[in-house]
Amino acid sequence: MPELPEVETVRRALMPVLEGRRIIRAVARRPDLRFPLPDGFGQRLTGQRVLAVRRRAKFLLIELEDGSVLISHLGMSGSYRIYPDPSPSPEKHEHIILRTDQDTEVRYNDPRRFGFMDLIDGAALDQYVMLKNLGPEPLGDGFNAEILSARLKGRQTPIKSALLDQSVVAGLGNIYVSEALFRAGISPKRTAASVAGRRASRLVPAIKSILNEAIDAGGASISDHRQPTGELGYFQHQFAVYGRQGQACPGCDCDLARTRGIAKITQAGRSTFYCSRAQR
DNA sequence: CACACAACCTGTCAGC
DNA sequence: TGCTGACAGGTTGTGT
């Protein structure tokens, strides 16, 4: 689930629960996620007031009153749940529990443990290894056709792979790359270099609109993923190509008896979905 | 430098 | 019903 729209949905759900609140107890129920948790993780969080819940690309940044920042990445299977008091006993994969001074619990659940958390000095945030090479925020003013073109120029990798590269643009994942390329009418097989220029000016608004619509829908709930409030995200119902191999793409007059409809291919080890007729 | 691929770990689902 | 293998939203590290 967690690409930019899903992380943004999480941020918006956590904001009213955490901002301005004090963490009265923080517990790590295991010593590691993808990486070991920092020393004294629970103690360093306990007693601190949360100043803000921010997002950079797919990273949640929870700013604390002592100037440190809790960095949280959801990996493939991470999710947050909010429990009002009294909260039930923790489930198997609820690894991190934050209890606030309103007796609300915020729990991080991550079966695969590809996600991670870290606690660092806010002054060092820009140099943090996982953040320092990120490209522009796709929804920011700094992301436009000129910027994207410059980053695609000369690259022979397929545009699909280039858009997954977080140093090109930060926040897209496997689902929204396929969706954005479909909306822009661009083949995922095309080289990144060949998209620089005119095609990039079609791609940028496609990326922005897809992401905005997904955020408005509360993200996409793939399989068992939910918003922290427990609600399902609805954007999955609006996928044009992702997971729809063999079907006709929206607005396409393909005769499925004669064509194979939406194709599923593998690029750089990841699934790509596209329509060879609507995308060139 | 640019790119492809394996690895990290667990759950789910299709097929037998 | 149970087993096996393939596959899944991401990112890093290694090898070519």
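Chain identifiers are assigned alphabetically (A, B, ...) following the order of the sequence lines, protein sequences preceding nucleic acid strands; residue numbering begins at 1 within each chain.
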Could you go through nucleotides 14-16 of chain C and list every protein N or O atom that sits under 3.5 Å from one of its N or O atoms, giving the distance for each pair?
none

Find every protein N or O atom lying less than 3.5 Å from an N or O atom of nucleotides 7-10 of chain B, and list the pairs.
| residue | atom | partner | partner atom | Å |
| --- | --- | --- | --- | --- |
| B:dC9 | O4' | A:R112 | O | 3.3 |
| B:dC9 | O3' | A:R113 | NH2 | 3.0 |
| B:dC9 | O2 | A:R112 | NE | 3.0 |
| B:dC9 | N3 | A:R112 | NH2 | 3.3 |
| B:dT10 | OP1 | A:R113 | NH2 | 2.4 |
| B:dT10 | O3' | A:H93 | NE2 | 3.4 |

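Considering only side-chain atoms of A:K264, the nucleotide from C:dG10, B:dC3, C:dC7 that sits closest is C:dC7. Ranking C:dA8, C:dG10, B:dC3 by closeness to the A:R155 side chain, first place goes to B:dC3.
Put simply, CD on A:Q156 is 11 Å from P on B:dA4, counting in whole angstrom units. Rounded to an integer number of Å, the gap from A:N133 CG to B:dA2 P is 12 Å. Atom CZ of A:F273 is separated from atom C1' of C:dC7 by 10 Å (rounded to the nearest Å). Atom CD1 in A:I159 sits about 15 Å away from atom P in B:dA2, given to the nearest Å. Atoms CG (A:L152) and P (B:dC3) sit 11 Å apart, rounded to a whole Å. To the nearest angstrom, C1' of C:dG13 lies 12 Å from CE of A:M130. C:dT11 atom C1' lies 13 Å from atom CG of A:D110, rounded to whole Å. Atom pair A:F59:CZ and C:dT11:P shows a separation of 6 Å (rounding to whole Å applied).
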**Request:** Using the side-chain contact (heavy atoms from CB on, under 4.5 Å) rule, take A:V169 and A:R151 through it: C-alpha gap first, then chi angles, then the decisive distance, then the call.
**Result:** CA-CA 9 Å; A:V169 54; A:R151 290 173 182 263; over 6 Å; no
**Message:** What verdict does the salt bridge (charged side-chain N to carboxylate O under 4.0 Å, His left out) test give for A:R54 and A:E63, after you've listed the backbone C-alpha separation in whole Å, the side-chain angles of each residue and the deciding distance to 0.1 Å?
**Reply:** CA-CA 8 Å; A:R54 298 199 298 128; A:E63 298 179 352; 2.5 Å; yes
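One finds no salt bridge joining A:K58 and A:E3 here, because no Lys/Arg side-chain nitrogen approaches an Asp/Glu carboxylate oxygen to under 4.0 Å.
For B:dC9 and C:dT14, the P atoms lie 16 Å apart once the distance is rounded to whole Å.
Side-chain nitrogen and oxygen atoms of A:Q166 include at least one within less than 4.0 Å of the OP1 or OP2 phosphate oxygen of C:dT11. Phosphate proximity of C:dA8 to A:S271: present, with a side-chain N or O under 4.0 Å from OP1 or OP2. Checking the phosphate oxygens (OP1, OP2) of B:dA4, a side-chain nitrogen or oxygen of A:T157 falls inside 4.0 Å.
Using Watson-Crick or G-U wobble geometry with both donor-acceptor distances under 3.5 Å, B:dC1 finds no partner in any strand shown. Using Watson-Crick or G-U wobble geometry with both donor-acceptor distances under 3.5 Å, B:dC9 finds no partner in any strand shown.
The cationic atom of A:R107 (NZ for Lys, CZ for Arg) lies less than 6.0 Å from the six-membered ring centre of A:Y83 and within 45° of the ring axis.
More than 12 non-hydrogen atoms from other residues, nucleotides or ligands lie less than 6.0 angstrom from NZ of A:K208. Heavy atoms from other residues, nucleotides or ligands lying under 6.0 Å from CZ of A:R29 number more than 12.
The backbone N or O of A:R21 lies less than 3.5 Å from no partner atom in the side chain of A:T100, so there is not a single donor-acceptor pair.
Under the 6.0 Å cut-off for aromatic ring centres, A:H95 and A:Y108 do not qualify, their centroids lying 6.0 Å or more apart.
Evaluation of the salt bridge (Lys or Arg N to Asp or Glu O under 4.0 Å) test over residues 30-51 of chain A, restricted to residues two or more places apart or in two chains, returns A:R30-A:D32.
The heavy-atom pair separating A:G115 from A:D110 by the smallest distance is N-OD2, 3.0 Å.
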